[in-house]
Amino acid sequence: MLRIAIQKSGRLQEESLKLLKESGLAFSNGKEQLKTQATNFPVELLFLRDDDIPQYIEDQVADAGIVGENVMLEKQKKNEVIKRLDFAKCRLSIAIPRSETYGGISSLAGKNIATSYPTIVKQFLSKHNIEAGIHEISGSVEIAPGIGLADAICDIVSTGSTLLSNGLKEVEVVMKSEAVLIATPDLEAEKKKILNKLLFRIQSVQSAKNNKYILLNCPNEAIEKITNVIPGMKSPTIMPLERKGWSSLHSVVNENDFWEKIDQLKSFGAEGILVIPIEKMIA
Ligand code: PRT
Ligand code: ZN
């Protein structure tokens, strides 16, 4: 049985559960419980505050967990990153009052910076040979300059609207973060096997999300050119159409360069292009 800790409530909770469910794990109990067991996979979920997860993993109360990279780095526990999960993307940034002009990173010297991430900020400052005061507070960091508690802050930024509404501006990105699957480096063999099985499923879910199934009709003389643009997993499937000299071609296309490729395909004479989401993709 592999024990995975996920956030009890908050920004990571829903996506963490969704990822596990898309990986085929079924749970009968809701998150109201402290823990719940998957009904079809040797996994038990523990619902915890995200800040506590790295410690629980170090103590091997949990074997693995899902947290923001920012939390993992701040806590400095015996955890290793197993997989970046591509959600809860944000950045940890330094911000100062908008009314002030920013004279570069050296102008932070001697300032007082309020943050919930003292360890990360300390490392960042010492990397740049800057001495500044760090004022640790656990919440509502963005109001600190306004009430005279600090000259600057270092906090999580996503859209930037919190900074804006508090009269602050982002001046340095300390780190970029996303949700990560972490685990103890000391997993026993049996648990490692379960984790690898889960990891394989997560990878299939992620590659499915990044790819689309594509069907199109094309004149036979365009098949080679189109195959070069969308080679698919091995090679496209090609079936003759009733109409002479035409074929139906099925392949896979990556989300990132999707529109560029569609333009190319059209220029080669492709018609009736259908694009369909993929649920799982196993290479
Ligand atoms: O209760 P618990 O301790 O478990 O949760 P929490 O309140 O500590 O964490 P939570 O749920 O707020 O965030 C969990 C993780 O989500 C963080 O550690 C980040 O890795 C990630 N994440 C992604 C964010 C944001 N986006 C985010 N926007 N965490 C916090 N914010 C906050 C930020 O603190 C600031 O107040 O949102 C505000 C900024 O957002 P914008 O859009 O206005 O810039
Ligand atoms: Zn927290």
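Order of listing sets the numbers, starting from 1, for every ligand and every atom in it. All values reported here derive from a predicted model rather than from experimental measurement.
- Qualifying salt bridge (Lys or Arg N to Asp or Glu O under 4.0 Å) partners for E170, counting only residues two or more places apart in sequence or in other chains: R91.
- At a 4.0 Å heavy-atom cut-off, the residues surrounding ligand 1 are Q7, S9, G10, R11, L12, R49, D50, D51, G68, N70, V71, A88, C90, D155, I156, V157, S158, T159, G160, S161, T162, listed by chain and number.
- Salt bridge status for K209 with E22: present, with a side-chain N to carboxylate O gap under 4.0 Å.
- When side chains are defined from C-beta on, Q60 counts as touching D186, because their heavy atoms get closer than 4.5 Å.
- Side-chain contact check for T119 and E74: at least one donor-acceptor pair (N or O, by modelled atom type) lies under 3.5 Å.
- Side-chain contact, E224 with N228: no donor N or O sits under 3.5 Å from an acceptor N or O.
- Among L274, L241, L249, the single residue meeting the side-chain contact (heavy atoms from CB on, under 4.5 Å) criterion with N217 is L241.
- The list of ring-ring contact (aromatic ring centres under 6.0 Å, His included) pairs with a residue in residues 176-216, not counting sequence neighbours, reads Y213-H250.
- Salt bridge K266/E271: absent, no basic N to carboxylate O contact under 4.0 Å.
- Counting only protein N, O or S atoms, 2 lie closer than 2.8 Å to the Zn ion (ligand 2).
- Checking K83 against Q206 by side-chain atom types alone, a donor-acceptor pair falls below 3.5 Å.
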